[in-house]
Amino acid sequence: AKPTGRYLHKDHQLWAPLTLADFEAINRCEKSLPKNFNFAGDVLDQWSQKEKTGERPANPALWWVNGKGDEVKWSFEELGSLSRKAANVLTKPCGLKRGDRVAVILPRIPEWWLVNVACMRTGLVFMPGTTQLRAKDILYRLRASKARCIVASEEVVPAVESIMSECPDLKTKLLVSPRSQNGWLSFQELFQSASAEHSCVETGSQEPMAIYFTSGTTGSPKMAQHSQSSLGIGYTLCGRYWLDLKSSDIIWNMSDTGWIKAAIGSVFSSWLQGACVFVHRMAQFDTDTFLDTLTTYPITTLCSAPTVYRMLVQKDLKRYKFKKLRHCLTGGEPLNPEVLEQWKAQTGLELYEGYGQTEVGIICANQKGQEIKPGSMGKRVLPYDVQIVDENGNILPPGKEGEIALRLKSTRPFCFFSEYVDNPEKTAATVRGDFYVTGDRGVMDNDGYFWFVGRADDVIISSGYRIGPFEVESALIEHPAVVESAVVSSPDPIRGEVVKAFVVLSAPFKSSNPEKLTLELQDHVKKSTAPYKYPRKVEFVPELPKTITGKIKRNTLRDHEWGRT
Ligand code: BCO
C-alpha cells in the first residue's frame with residue numbers, strides 16, 4: 001500500500017513512508033507537519049509491512065474478548081484487509097463521501113475499531129457516542145452535526161427510530177448485529193460480500209478526522225473537531241513516555257468507545273507504537289471480572305479512570321497475581337494520593353496520572369522515568385507549553401493558583417482541536433491572550449509539576465465523565481414535580497464527585513415521600529438523557545439561592561456541599 005504522508009526534506013524520496021522518528025520530531029517541533037497524513041495508510045499499514053518483514057514481534061494489533069469465551073485476534077495485516085472491506089461498505093452501499101459525518105454508537109465490539117479505521121481510509125468524519133445516549137441526546141447529535149449516517153448496535157435502534165423523522169440529513173442507518181432490522185442496512189451482510197481492495201484516501205494533515213461532543217456549563221454539548229494529525233500524530237510522545245509502550249506490549253484501556261480516552265489509549269497512542277490493543281466487552285463494569293482479566297491475560301499496561309482504581313483498592317488485591325502487568329495509568333478526573341499509595345502497597349506498581357481533555361488530549365503526565373509526586377498530574381507533555389494564567393491571560397509564577405492554559409500563539413499546537421463546529425463564539429471564548437484556557441484551576445510548582453485544584457466553571461467531573469449541569473437541569477424540568485432545579489458537584493469517596501440536584505417542587509408533589517420521589521426523578525433523568533449524568537444525590541428545597549437579577553447561584557450551593565465558606 002502506498003503511504004500518503006510525504007517527507008518534508010528535499011533530499012528524501014517523495015513517497016518514503018513517515019516513520020515513528022518523524023512523528024516524534026514533529027511533536028518536538030523539530031519538523032513541520034507533512035502536507036498529507038492518514039493514520040491508516042501512514043501508521044497502520046506501515047506496521048503491517050513491519051509484521052511481514054519480522055520487524056514487529058508476533059503480537060496481535062487487536063485482541064478482543066467478551067468474558068463468555070469469544071475472542072478476536074487480528075494482526076495489523078488482518079486489521080488492514082478487514083478495515084478495507086469496511087471502507088467499501090461505507091462508500092459503496094452506504095454511499096458516503098469524503099467529509100461526510102458518521103455517528104458511531106457502538107459498545108466495545110471489534111466492529112467499532114473496523115468502522116473507525118474505515119472512516120480514516122475513506123476520509124469520513126468519525127463521531128463516536130456512548131451507548132448510554134438516549135433518543136434526545138442522539139437527536140441533538142444527529143441534527144447539530146448533520147450526520148449522513150449512523151452506525152449503531154441493536155440497543156440503540158429504538159431510540160434512533162423514535163427521532164428519525166426529525167433528522168432530514170440522515171441518509172443511512174447501518175446496524176451492527178447478527179439480526180436484521182427493517183429500514184437498516186446490515187453491516188454483517190454487506191461486510192461479507194465487500195471487497196478487501198481499497199485505496200486509502202490521501203487526506204490532508206489538517207483535514208477533519210473526528211468530532212467529539214463535549215459538555216460545558218451552559219447549553220448542549222459542543223462539537224470539538226480534531227484533524228487527521230491532531231489525533232493521528234499528536235499522541236506519539238504520550239504513547240512512548242506516558243503509556244511507555246513498545247510493539248511487544250499489550251495495553252488495556254478500559255474507556256467507553258464514546259470518549260476521547262478510547263481514541264488516545266485504544267487507537268492512536270497504542271497503534272503509533274505498534275502495541276496490541278486489548279479490549280474486554282464488559283457491558284457492565286465489575287471489579288471481579290476486571291481483576292480476573294488482569295490475572296488471565298498477559299496485559300502489560302493498564303489505563304483506567306481513578307474511580308476504577310478507587311473501586312479496586314477496596315478489594316484484597318494481594319490475592320490476585322497479575323499475569324504480566326508492569327505499567328498502570330489513570331486520567332479523566334483527579335486521582336487522590338491515598339489511592340496511588342494503596343495501589344502501590346497492594347500491587348507493587350506505581351500509578352502514572354495524566355491530565356487532559358477532549359479538546360487537547362493529554363497535556364500533562366507523570367511520564368516514565370520522571371519522579372512521581374503523589375497528588376500531582378505530572379509535567380507538561382510536548383509539544384504543549386502549559387502554564388497557569390490569571391484572568392487576563394498573564395502567566396502566573398510557580399505556587400500561584402490560576403487557570404491551566406496552553407500557549408496558542410504564535411504557533412498553534414497541531415495536536416490541539418480545530419474548533420467547536422458551527423460555534424465560533426464558544427471557540428473564541430476559550431482563548432485568553434496568547435492562551436487556550438482549559439476551564440480547570442491549578443498550580444504549577446517550582447519543578448514544573450502541575451496540581452489540579454478544581455473547575456473554574458460549573459462543569460461536574462464525576463467518575464471521569466464531564467457533565468454539564470444544564471443538561472441535567474433540562475432533564476429534571478421535564479418532570480411535573482420539578483419547578484426548578486440547580487445541579488452542582490458534591491464530594492464522593494469513590495466517584496470523586498457526583499451530581500447533586502437541589503429541587504424546588506411543584507405544589508402537587510410537595511407532600512410526596514422524598515425517598516420515592518428521589519428514585520422517580522433519578523429514573524426520569526436516566527430515561528431522558530445518558531444515565532451516567534443522573535443525580536446520585538437529590539435535596540428538596542423551598543427555594544434556590546439567586547442573584548438580584550434572578551440567576552441561580554450554583555456556586556453558593558456547591559461551596560456548601562464541599563464545606564467551603
Ligand atoms: O451506579 P448506578 O448503577 O446507580 O448507575 C449507573 C448504571 O447502572 C446506569 N445505567 C447505565 N445504563 C443504564 C443505566 N440505567 C438505566 N438504564 C440503562 N440502560 O447509569 C449509571 C452509569 O454510571 P457509570 O457509567 O459510572 O457506571 P458504573 O458501572 O458505575 O461504571 C464505573 C466506571 C468507573 C467504569 C465508569 O464510571 C467509567 O467508565 N468512567 C470513566 C469515564 C471515562 O472514560 N472518562 C474519560 C473521558 S475522556 C477524558 O477525560 C479526556 C482526558 C483523558
Side-chain angles (χ1 to χ4, degrees), residues 105 107-108 128-135 137 153-156 158-159 210 212-215 221 224 226 231 234-235 238 242-243 252-269 280 282-287 289-290 303-312 314 329-335 339 352-365 377-378 381 404 415 417 438-440 452 455 459-467 472 475 492 494-499 518-519 522-538:
I105 308 182
R108 285 181 283 250
T130 167
T131 51
Q132 287 197 29
L133 294 177
R134 295 293 188 244
D137 306 315
S153 51
E154 256 175 69
E155 67 261 51
V156 185
Y212 285 87
F213 285 79
T214 179
S215 297
H226 275 279
L231 292 177
Y235 294 117
C238 162
W242 181 45
L243 302 176
W252 185 21
N253 167 62
M254 210 226 72
S255 178
D256 184 278
T257 55
W259 316 117
I260 199 155
K261 203 151 158 288
I264 299 172
S266 302
V267 180
F268 298 105
S269 297
H280 195 302
M282 218 190 295
Q284 182 68 45
F285 177 73
D286 170 59
T287 45
T289 310
F290 195 94
C303 187
S304 235
T307 296
V308 170
Y309 290 102
R310 282 188 215 107
M311 291 171 170
L312 294 179
Q314 310 295 315
L329 306 125
T330 194
E333 53 168 322
L335 171 73
V339 175
Y352 291 79
E353 185 179 356
Y355 161 77
Q357 52 177 215
T358 304
E359 290 84 341
V360 296
I362 299 294
I363 60 171
C364 293
M377 315 184 293
V381 174
I404 303 171
C415 35
F417 79 123
T438 58
D440 290 325
F452 186 84
R455 282 294 299 177
V459 167
I460 300 158
I461 307 288
S462 176
S463 317
Y465 294 117
R466 177 162 148 177
I467 301 168
V472 186
D492 183 83
I494 296 293
R495 291 172 189 274
E497 51 190 68
V498 291
V499 173
T518 295
L519 289 175
Q522 289 174 328
D523 199 39
H524 164 79
V525 174
K526 284 183 183 180
K527 287 193 178 111
S528 168
T529 189
Y532 68 83
K533 297 180 212 166
Y534 88 88
R536 288 176 186 268
K537 295 183 186 173
V538 177

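Numbering of ligands and ligand atoms starts at 1, following listing order. Residue numbers run from 1 in the order of the sequence given.
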Under the rule for side chain to side chain donor-acceptor pair (under 3.5 Å), what residues qualify as partners of Y534, not counting sequence neighbours? R536
Close-range residues for ligand 1, whose non-hydrogen atoms fall below the 4.0 Å threshold: Q132, R134, M254, S255, W259, I260, K261, Q284, F285, A305, T307, V308, G332, G356, Q357, I362, S463, G464, Y465, R495, K526, P531, Y532, Y534, R536
Using the test side chain to side chain contact (heavy atoms under 4.5 Å, CB included), find all partners of D523 that sit at least two apart in sequence or belong to another chain. K527
For H280, what residues pass the ring-ring contact (aromatic ring centres under 6.0 Å, His included) criterion, not counting sequence neighbours? none
Side-chain donor/acceptor of R108 to backbone N/O of M282, under 3.5 Å: yes
Less than 4.0 angstrom from a charged side-chain N to a carboxylate O is my criterion; do E333 and R310 meet it? yes
Please determine, by modelled atom types, if D440 and Y355 share a side-chain donor-acceptor pair under 3.5 angstrom. yes
